[in-house]
**Q** 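Okay, handing you the structure first.
Numbers restart at 1 for each chain; the letters A, B, ... are given by sequence-line order, proteins then strands.
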Amino acid sequence: MHSPLVPIPPRASQYGIEPELVKTRVSELPRMTSVLLKELFPDLPEVIYPSSEGLDAIRKASVAALQKVDMSKIKPEHSVNILASHHGFTLLGGEPYAELLRTIRDVVEARTGCHNIRLRAGVGLRFRETEEYIKRYGLDKDFNGKAIGVAPIDQGIAIETEIGTLYGIKKVYDADWIIHAHNSDVREVHFHRQVDRAVKPFGMSYARIETRSTYHQNLGPRAANFTARAIFDSPFVQSKFAFAAFLTMAPNGIVGVDVDSNLYALNDRVTEIGCRYYGKMMTLLGEIDECIAALDFPAPAVYVFSAGVIYANFAGANTDLYDLELPLPAYTWYTESFYGKLGRPLLDEIPPMNKAIKMTVHNYAWTGYPCAFFTEHIPTVVVGQEQAELFNRDPQNLNYMKHAVVSESTEDAMEFAYKASGTRKVIVFDGAMGGINVSEPLAELLLKKAPEVSERVEETLLPKWLRQRGVRL
Amino acid sequence: MKVVNLLAVVEQDKCRGCRICEFVCPVVAIKMENRMAVIDNGRCRGCAACEQRCPEYAISMVKREQPVFVKVDVSAVDYTQIEELCTKAKFNPEQLICYCTATRAEEVAAAILQGAESPEELSYLTGVRTGCKVECIQPLLRLLAAAGIEPRRPKDGWQWYGKTVTVWEIPEEVKQKYASRGFYFDEDIELLNRIVEAPLQGRSDT
Ligand code: SF4
Ligand code: SF4
């Protein structure tokens with residue numbers, strides 16, 4: 001057994017409590033250990049980050065990947081918007097994504113002679129989140145003051161698509177060319193189901209509320225992501241699209257940088273890596289029979305990471321999130337909306353939240369995403385009155401604390417969770433890189449189950465998942 | 001239904017009169033007076049859209065001394081009419097259409113049947129769209145359309161631009177074209193239809 005890995009530190013943000021208030025990390029408590037992801041799945045790819053080369057590896061890989069893309073359409077007198085999303089800044093501390101953005105800017109300027117290069121960084125439901133990242137990583141300086149955060153309630157622009165008019169954020173498209181700078185981390189598999197993952201921001205962080213609501217309320221759980229494809233394929237967006245540049249992610253880190261002017265070719269590569277490596281990790285987490293889930297990461301409760309998997313996906317790990325034959329995961333907004341007045345699903349076939357999660361200890365996680373569904377269905381202890389108060393002041397979480405209790409310290413919260421749940425298995429969602437912080441009994445279980453899971457995914461599940469998405473290896 | 005516990009407050013000397021807060025307020029609670037933003041405290045639903053978008057950071061959210069309880073009385077309307085309207089808009093009346101405020105389709109339908117004619121009025125009366133401010137605009141537009149109402153957009157505002165497609169309206173040729181790429185349109189229609197028709201839980205006669 002190894003010592004616990006260093007978790008991602010708390011971040012100063014208007015969406016979370018002050019970092020000084022996070023006095024103890026769950027991984028620091030007695031009897032915590034870690035498992036390296038390569039020990040679980042030795043076939044995971046080699047990573048360029050984290051590595052001894054640090055951020056230089058990202059710059060080198062980005063420069064090399066950008067070399068193969070044609071930029072001749074971009075003329076010195078043109079304007080270019082590099083489109084970014086908040087999500088990238090939540091990966092491995094955020095610096096690698098910031099470095100990708102800087103490198104794209106520098107290479108485009110050097111290759112084309114174009115100086116009017118702006119950063120437009122979209123968000124989820126925390127409208128100033130990328131504004132915070134732009135300052136934190138000095139991107140305003142790197143982009144000569146031309147870096148802004150954009151939000152889905154900002155001024156819109158109508159986009160004609162093959163399914164009718166949808167709406168984008170005007171400032172996303174106010175340049176001659178757009179460059180789609182993203183990453184292949186799977187994150188919300190419960191929403192996009194690994195269908196057109198690489199295209200998703202066109203229907204989400206680059207889009208207006210009308211489009212995002214179409215995704216989450218009008219199309220259904222498995223047709224939702226078509227909004228992104230419809231917008232991306234529109235003549236308007238196609239007339240501006242220059243190329244895409246992605247950090248290629250695996251659960252254990254950054255594998256490389258992928259640049260392509262054919263987004264769908266890139267998407268197929270993303271689909272394969274997403275299904276294979278993240279699919280294995282999620283299938284393994286679905287094997288956990290009982291545990292306490294500890295949330296300890298600078299992001300809203302649903303987005304805290306462990307082994308590259310977000311808590312929202314662990315809450316649905318009792319079903320196969322990649323299998324498109326299953327219409328509804330245990331948690332998606334469609335699922336949540338289909339619970340009737342008595343707190344039961346409207347249809348019997350709707351799966352319950354992952355019953356293996358006996359309790360959740362919310363040590364440190366942000367506001368800015370509606371999470372009351374989680375406290376309603378999973379017994380939750382929130383650490384610190386300040387954190388509880390922050391949730392009570394969040395218009396998206398007015399009901400979160402209605403179903404949770406408050407504990408004074410991390411130690412007390414965990415002691416309570418051990419006693420009340422009766423399990424000694426703990427999984428910590430703290431963003432530890434290259435491994436997973438867990439308690440010893442859970443480490444043993446994961447190591448025991450991983451080989452069988454790996455074989456099952458390779459031989460049975462992966463071929464099915466790829467077939468369902470029309471992707472051939 | 002929402003308990004409004006916050007109120008937006010403008011710091012007048014920071015305001016530069018750009019009107020962005022006015023354009024994003026989902027209940028139209030902000031007006032410009034002498035080129036400065038003024039908030040109608042009685043109307044504000046504490047959503048923080050203005051605070052989050054003001055480029056001058058001139059708005060802050062303060063705790064209200066007395067929270068305001070915002071709710072439309074569903075029992076004041078014949079429930080058969082509510083069911084009819086929800087079904088026409090393809091919602092189960094008990095379906096949640098706003099995750100942040102836990103507002104169900106029936107409450108919005110009741111507000112429409114009692115005379116509300118725009119998303120802004122619906123947000124003001126029920127609190128819907130005053131949490132995340134993003135995800136629930138289409139259900140409001142669908143329910144209004146089902147009631148035969150064509151709402152008018154607030155003048156110059158960015159509150160909303162238009163109703164969009166639903167899965168029931170996806171053209172056949174689009175479905176065919178992408179059938180092998182993992183979009184399960186017809187299967188999702190079948191699922192959503194069953195949700196619409198699912199028995200209600202909250203009625204004593206079911
Ligand atoms: S957004 Fe800010 S600066 Fe602009 S009018 Fe409103 S309060 Fe004033
Ligand atoms: S309802 Fe929202 S946008 Fe309107 S004034 Fe109140 S907090 Fe600001």
Side-chain angles (χ1 to χ4, degrees), chain A residues 125-128 151-156 158 162-167 193-196 208-214 216-223 225-227 229-230 324 327-328 333 336-344 346-347 369-370 372-373 392-393 395-399 468-470, chain B residues 2-3 5-6 23-24 45-49 52-53 61 63 92 94-97 99-102 104 130-139 141-142 158-167 169-171 174 178 180-185 187-189 191-192 194-195 198-202:
Chain A
L125 299 176
R126 297 157 300 291
F127 297 161
R128 291 205 197 268
I153 58 171
D154 290 352
Q155 189 171 16
E162 59 187 329
I163 54 169
T165 310
L166 293 168
Y167 300 87
R193 308 294 295 274
Q194 198 71 54
V195 173
D196 274 4
R208 273 271 315 177
I209 62 169
E210 296 78 7
T211 302
R212 293 173 59 157
S213 184
T214 306
H216 287 299
Q217 304 257 20
N218 277 8
L219 290 196
R222 292 164 298 178
N225 219 25
F226 194 73
T227 50
R229 186 178 272 254
L324 293 171
L328 286 167
W333 277 341
E336 180 174 350
S337 75
F338 300 157
Y339 274 67
K341 276 183 170 173
L342 295 186
R344 289 198 316 262
L346 290 167
L347 299 175
Y369 188 98
F373 188 66
N392 282 333
R393 288 182 62 115
Q396 302 182 46
N397 277 298
L398 294 170
N399 296 323
Q468 288 176 340
R469 290 157 182 82
Chain B
K2 182 180 179 184
V3 179
N5 62 0
L6 298 176
F23 298 155
V24 301
R45 290 291 174 255
C47 75
Q52 288 281 297
R53 296 322 288 151
M61 302 305 298
K63 205 136 195 190
N92 184 296
E94 291 195 9
Q95 194 172 331
L96 280 176
I97 57 169
Y99 317 104
C100 304
T101 62
R104 297 184 190 277
T130 65
C132 75
K133 307 155 287 276
V134 176
E135 309 301 349
C136 46
I137 184 64
Q138 291 304 334
L141 295 171
R142 277 164 61 184
W158 308 337
Q159 281 85 354
W160 55 275
Y161 288 94
K163 187 175 161 298
T164 58
V165 68
T166 64
V167 69
E169 297 150 340
I170 298 278
V174 171
Y178 300 104
S180 67
R181 295 300 303 190
F183 299 108
Y184 284 48
F185 295 111
E187 293 82 353
D188 276 2
I189 289 174
L191 170 77
L192 297 180
R194 282 192 295 121
I195 289 286
L200 301 173
Q201 295 174 4

**Q** What part of A:Leu324 gets within 4.5 angstrom of chain B, counting heavy atoms only: side chain, backbone, both, or neither?
**A** both

**Q** If you take all heavy atoms of B:Trp158 and B:Val24, which pair is closest and at what distance?
**A** CE3-CG1, 3.9 Å

**Q** With a 4.5 angstrom heavy-atom cut-off, is it the side chain or the backbone of B:Glu169 that approaches chain A, or both, or neither?
**A** neither

**Q** Do the side chains of A:Asn392 and A:Leu398 get nearer than 4.5 Å, heavy atoms only?
**A** no

**Q** Can you tell which part of B:Phe185 gets under 4.5 Å to a heavy atom of chain A, answering side chain, backbone, both or neither?
**A** both

**Q** Tell me which of these, A:Arg128, A:Arg208, A:Gln468, has more heavy-atom pairs under 4.5 Å with chain B than the rest.
**A** A:Arg128

**Q** Do you know which of B:Ile189, B:Asn92, B:Ile170, B:Asp188 has the most heavy-atom pairs under 4.5 Å to chain A?
**A** B:Asp188

**Q** Side chain, backbone, both or neither: which part of A:Thr165 has a non-hydrogen atom closer than 4.5 Å to chain B?
**A** backbone

**Q** Tell me, side chain or backbone of B:Thr164 under 4.5 Å from chain A's heavy atoms, or both, or neither?
**A** both

**Q** Tell me, side chain or backbone of B:Ile137 under 4.5 Å from chain A's heavy atoms, or both, or neither?
**A** both

**Q** Which atoms form the tightest heavy-atom contact between B:Cys132 and B:Cys100, and what is the distance?
**A** N-SG, 3.2 Å

**Q** At a heavy-atom separation under 4.5 Å, does B:Val3 approach chain A through its side chain, its backbone, both, or neither?
**A** backbone

**Q** Go through the atoms of A:Arg193 and report whether side chain, backbone, both or neither lie under 4.5 Å from a heavy atom of chain B.
**A** neither

**Q** Does any non-hydrogen side-chain atom of B:Phe183 lie less than 4.5 Å from one of A:Asp196?
**A** yes

**Q** So what's closer than 4.5 Å to chain B heavy atoms on A:Ala151: side chain, backbone, both or neither?
**A** both

**Q** Which heavy atom in A:Lys341 sits nearest to a heavy atom in B:Arg104, and how many Å separate them?
**A** CG-NE, 3.7 Å

**Q** Highest number of heavy-atom pairs under 4.5 Å with chain B: which of A:Pro152, A:Ala223, A:Ala230, A:Pro327?
**A** A:Ala223

**Q** Counting only heavy atoms closer than 4.5 Å, note whether A:Tyr167 contacts chain B via side chain, backbone, both or neither.
**A** side chain

**Q** Highest number of heavy-atom pairs under 4.5 Å with chain B: which of A:Glu336, A:Arg222, A:Arg229?
**A** A:Arg222

**Q** In terms of heavy-atom proximity below 4.5 Å to chain A, should B:Cys136 be classed as side chain, backbone, both, or neither?
**A** both

**Q** If you count heavy-atom pairs under 4.5 Å with chain B, which of A:Asn397, A:Leu346, A:Leu125 comes out on top?
**A** A:Leu346

**Q** If you count heavy-atom pairs under 4.5 Å with chain A, which of B:Thr101, B:Ile97, B:Leu141 comes out on top?
**A** B:Ile97

**Q** Identify which of B:Val165, B:Thr130, B:Thr166, B:Val134 forms the greatest number of heavy-atom pairs closer than 4.5 Å to chain A.
**A** B:Val134

**Q** Could you tell me which portion of A:Asn399 (side chain, backbone, both or neither) has an atom closer than 4.5 angstrom to a non-hydrogen atom of chain B?
**A** side chain

**Q** Looking only at heavy atoms and a cut-off of under 4.5 Å, which of A:Pro370, A:Gly340, A:Gly343 has the most pairs with chain B?
**A** A:Gly340

**Q** Considering only heavy atoms and a distance below 4.5 Å, find which of B:Arg45, B:Glu135, B:Met61, B:Lys133 pairs most often with chain A.
**A** B:Glu135

**Q** Check the pair A:Arg393 / B:Asn5 against side-chain contact (heavy atoms from CB on, under 4.5 Å), numbers first and verdict last.
**A** CA-CA 7 Å; A:Arg393 288 182 62 115; B:Asn5 62 0; 5.7 Å; no

**Q** Looking just at side-chain N and O atoms, do A:Glu162 and B:Tyr178 make a donor-acceptor pair shorter than 3.5 Å?
**A** yes

**Q** Tell me whether the centres of the aromatic rings in A:Tyr369 and A:Trp333 are closer together than 6.0 Å.
**A** yes

**Q** Could you look at A:Pro221 and say if it's the side chain, the backbone, both or neither that has a heavy atom under 4.5 Å from chain B?
**A** both

**Q** Which heavy atom of A:Glu210 sits nearest to which heavy atom of B:Tyr161, and what is that distance?
**A** OE2-N, 2.7 Å

**Q** With side-chain contact (heavy atoms from CB on, under 4.5 Å) as the criterion, how do B:Arg181 and A:Arg469 come out once you've worked through the C-alpha distance, each side chain's angles and the decisive distance to 0.1 Å?
**A** CA-CA 5 Å; B:Arg181 295 300 303 190; A:Arg469 290 157 182 82; over 6 Å; no

**Q** Report the option among B:Pro139, B:Ala198, B:Pro171 that has the most heavy-atom pairs separated by less than 4.5 Å from atoms of chain A.
**A** B:Pro139

**Q** Go through the atoms of B:Arg142 and report whether side chain, backbone, both or neither lie under 4.5 Å from a heavy atom of chain A.
**A** side chain

**Q** Mind listing the closest non-hydrogen atom pair of A:Val195 and B:Gly182 along with its distance?
**A** CG2-O, 3.7 Å

**Q** Under 4.5 Å between any side-chain heavy atoms of A:Leu328 and A:Phe338, yes or no?
**A** yes

**Q** Heavy-atom distances under 4.5 Å only: say whether B:Arg53 touches chain A with side chain, backbone, both or neither.
**A** both

**Q** Taking the side chain as every heavy atom from C-beta outward, state whether B:Val167 and A:Asn218 have any pair of such atoms under 4.5 Å apart.
**A** no

**Q** Run the side-chain contact (heavy atoms from CB on, under 4.5 Å) check on A:Tyr339 and B:Leu96 step by step: do they pass?
**A** CA-CA 7 Å; A:Tyr339 274 67; B:Leu96 280 176; 5.7 Å; no

**Q** Report yes if the side chains of B:Tyr99 and A:Ser337 come closer than 4.5 Å at any heavy-atom pair, otherwise no.
**A** yes

